[in-house]
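Here is the structure we will look at.
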Amino acid sequence: MTKQEFIAALRAKLSGLPEQDVEERLEFYSEMIADRIEEGSLEADAVAAIGTVDAVAASLILEGYLAFRN
């Protein structure tokens with residue numbers, strides 16, 4: 001999976017969250033992938049090291065839910 005594919009898929013999974021939160025999270029993961037590539041990882045490996053889109057999205061949604069409850 002490419003960085004662009006990962007970010008697009010993550011955006012789709014987070015579509016129910018506030019837009020500002022989504023943009024902040026997407027920027028975070030975009031930078032994380034870019035950093036790994038700059039350190040010498042292949043793009044696909046840099047993306048894979050983050051985890052699946054589903055796992056990342058679930059974690060971010062849970063994080064948002066817990067923040068909302070508190």
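Throughout, residue positions are numbered sequentially from 1 according to the sequence presented.
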Q.
Once salt bridge (charged side-chain N to carboxylate O under 4.0 Å, His left out) is applied, what residue pairs with a partner in residues 36-46 remain, sequence neighbours excluded?
A. none
Q: State whether the number of non-hydrogen atoms from other residues, nucleotides or ligands found under 6.0 Å of Glu5 atom CD is greater than 12.
A: yes
Q. What are the two closest non-hydrogen atoms of Ile33 and Ala46, and how far apart are they?
A. O-CB, 3.9 Å
Q) Measuring from Lys13:NZ to Ile61:CD1, what's the distance to the nearest 0.5 Å? A) 8.5 Å
Q.
Return the CG to OG distance between Leu10 and Ser30, rounded to the nearest 0.5 Å.
A. 10.5 Å
Q: Can you run down the side-chain hydrogen bond (donor to acceptor under 3.5 Å, both in side chains) pairs that involve residues 16-29, sequence neighbours left out, and say none if there aren't any?
A: Arg11-Glu23, Gln20-Glu24, Arg25-Glu63
Q.
Rounded at 0.5 Å granularity, tell me how far CD1 in Ile50 sits from CE in Met1.
A. 11.0 Å
**Q.** Any Thr2 side-chain heavy atom under 4.5 Å of Val47 side chain
**A.** no
